[in-house]
Amino acid sequence: MRLHTKGRAIVLAGVLACGGGSLFGGGQAGMGRGNLGFDRNDYPGDAAMRELRKEFAFAGYWLTPAPGAKTNSWTGKRKEMEALGYGFLLLARGRAGNAIRTAAKAGKIGVADAREAVRSAKAEGFASGAIIFIDIEEGGRLTAEYHAYLRAWADEIVRLGFRPGVYCSGMAVDEGGGAKIVTADDIRANEAPRDFAYWVFDDACPPSPGCTSVSNPPLPTASGAKNAAVWQFVRSPRVKETAAKCNGYAADENCYAAVDAAKKWHLDLNVAASSNPSFK
């Protein structure tokens with residue numbers, strides 16, 4: 001998954017080494033241990049998933065095509081992943097901000113997108129009650145129309161027996177005049193009392209350790225985002241506007257797992273309190 005500069009993040013689950021060889025973990029004592037996972041838009045292949053399981057506890061699982069894609073290569077992979085012991089982060093594409101122009105249209109689109117996500121979740125064999133994260137590419141303060149879209153989406157997700165989550169930016173955006181806004185906070189304030197689970201991205205160093213070996217993964221709250229269930233701390237390729245000071249990325253600016261010596265599968269990296277975040 002990728003966000004624009006105003007965007008988002010994900011990955012956490014075991015001992016990880018990406019690109020470079022610096023270590024992260026010495027200052028984590030007493031903070032609690034997270035679980036390491038990864039996400040990427042394209043399914044890396046069955047052989048890759050067997051290798052990556054040596055390091056990661058969970059993986060992102062697209063229920064719809066990723067932004068800009070027409071097909072979804074994750075479809076039909078649930079049983080294989082369960083057999084390997086992976087936990088899941090269920091993810092559905094959200095609309096671009098410029099596609100939501102009126103409150104009336106927002107409600108209809110939100111309901112339609114929720115139904116699409118749930119149809120896919122059921123077709124893939126995921127049980128009711130799972131958290132489905134909607135992928136929000138826009139960052140900063142969202143429009144009133146977009147908040148209407150999210151409320152309609154969340155209400156329909158709940159009506160259909162699942163739980164709403166959102167993948168969004170956990171980074172402060174300067175609005176000028178000394179004012180800053182974090183997208184996760186903006187959603188929390190405008191969608192209340194709806195109870196979203198938050199998967200936030202923040203790949204700036206700090207708080208991100210960068211693309212490094214993680215011997216003691218932190219909990220997602222180390223991102224600084226309130227009540228975050230998942231923290232995406234690395235995006236591939238590196239976003240220079242946010243992660244320019246981060247170490248460990250490979251020469252092609254992507255992040256790779258330690259088991260991937262040939263650097264075949266670039267990854268986004270996440271941490272979560274649960275090894276199965278959509279079913280915590």
Side-chain angles (χ1 to χ4, degrees), residues 1-11 37-44 58-78 81 88-101 105-126 130-140 142-143 145-170 183-184 186-187 191 194 196-201 229-230 232 235-236 239 266-268 270 277-278:
M1 294 190 316
R2 283 303 306 274
L3 271 186
H4 301 297
T5 302
K6 294 182 175 181
R8 61 173 189 139
I10 310 174
V11 181
F38 74 90
D39 72 274
R40 51 180 282 140
N41 286 354
D42 299 321
Y43 184 73
F58 65 86
Y61 193 99
W62 282 97
L63 296 173
T64 66
K70 294 183 179 180
T71 59
N72 179 13
S73 57
W74 291 87
T75 299
K77 298 299 182 179
R78 178 188 64 83
M81 289 177 62
F88 294 90
L89 267 175
L90 303 183
L91 184 64
R93 178 173 56 190
R95 299 294 177 110
N98 60 12
I100 311 295
R101 297 182 178 179
K105 185 177 181 180
K108 294 178 181 179
I109 295 176
V111 168
D113 286 359
R115 290 175 179 174
E116 178 189 18
V118 169
R119 277 197 304 270
S120 177
K122 290 182 176 180
E124 291 292 297
F126 290 110
I131 300 170
I132 298 176
F133 292 86
I134 186 171
D135 171 39
I136 305 301
E137 295 284 334
E138 320 299 329
L142 304 177
T143 65
E145 291 78 15
Y146 207 89
H147 284 300
Y149 164 71
L150 287 179
R151 288 192 290 269
W153 182 87
D155 290 346
E156 188 68 4
I157 287 287
V158 171
R159 191 187 73 80
L160 294 172
F162 287 76
R163 292 180 287 164
V166 60
Y167 170 83
C168 65
S169 173
T183 306
D186 185 45
I187 293 171
E191 273 59 89
R194 295 161 185 82
F196 279 84
Y198 288 87
W199 175 7
V200 302
F201 87 86
V230 187
Q232 185 183 56
R235 293 181 284 174
S236 289
V239 181
H266 64 267
L267 305 173
D268 296 339
N270 304 261
S278 274

Completion exercise
The reported gap from OH in Tyr146 to CD1 in Ile136 (rounded to nearest 0.5 angstrom) is 3.5 Å

Exercise for the section: Output yes when a side-chain donor or acceptor of Ser169 lies under 3.5 Å from a complementary backbone atom of Gly139, and no otherwise. Expected result: no

Exercise for the section: Could you pull out the closest heavy-atom pair between Asp42 and Arg40, with the gap in Å? Expected result: O-NE, 2.6 Å

Problem - Atom pair OG1/CD of Thr183 and Glu137 - distance to nearest 0.5 Å - result: 11.5 Å

Exercise for the section: To the nearest 0.5 Å, tell me how far Tyr61 OH sits from Asp39 CG. Expected result: 14.5 Å

Problem - Atom of Ala66, atom of Asn41 and distance for their closest heavy-atom approach - result: CB-CG, 3.6 Å

Handout entry: Close side-chain approach of Ile132 to Leu63, heavy-atom, < 4.5 Å
Key = yes

Handout entry: Trp153 and Glu191, any side-chain heavy atoms less than 4.5 Å apart
Key = no

Problem - Exercise: identify the closest heavy-atom pair between Asp135 and Pro67 - result: OD2-CG, 3.1 Å

Practice task
Of all the heavy-atom pairs spanning Gly94 and Ile134, show the shortest one and how long it is.
Solution key: CA-CG1, 3.7 Å

Exercise for the section: Of all the heavy-atom pairs spanning Ala114 and Leu160, show the shortest one and how long it is. Expected result: O-CD1, 4.3 Å

Completion exercise
Contacts satisfying salt bridge (charged side-chain N to carboxylate O under 4.0 Å, His left out) that involve residues 88-100 (not counting sequence neighbours) are Arg95-Asp113

Practice task
Only one of Trp74, Phe133, Phe126, Trp62 passes ring pair (Phe, Tyr, Trp, His ring centres under 6.0 Å) with Phe88; say which it is.
Solution key: Phe126

Problem - Val158 and Pro164, any side-chain heavy atoms less than 4.5 Å apart - result: yes

Handout entry: CZ on Phe58 to CE on Met81, rounded to 0.5 Å
Key = 10.5 Å

Problem - Beyond-backbone contact of Phe162 with Leu90, side-chain heavy atoms, under 4.5 angstrom - result: no

Problem - Gap between atom OG of Ser120 and atom CG of Asn72 - 0.5 Å precision - result: 6.5 Å

Problem - Where Ala117 and Ala92 come nearest, the two heavy atoms and their spacing - result: CB-CB, 3.8 Å

Completion exercise
Here the gap from Leu91 atom CG to Thr64 atom OG1, rounded to the nearest 0.5 Å, amounts to 6.5 Å

Practice task
Mark yes or no for whether Arg194, through its side chain, and Asp155, through its backbone, hold a donor-acceptor pair below 3.5 Å.
Solution key: no

Exercise for the section: Would you list the pairs meeting side chain to side chain donor-acceptor pair (under 3.5 Å) in which at least one residue belongs to residues 156-165, sequence neighbours left out? Expected result: Arg115-Glu156, Glu156-Arg159

Practice task
Check side chain to side chain contact (heavy atoms under 4.5 Å, CB included) between Glu145 and all other residues, then give those that pass, not counting sequence neighbours.
Solution key: Ile100, Thr143

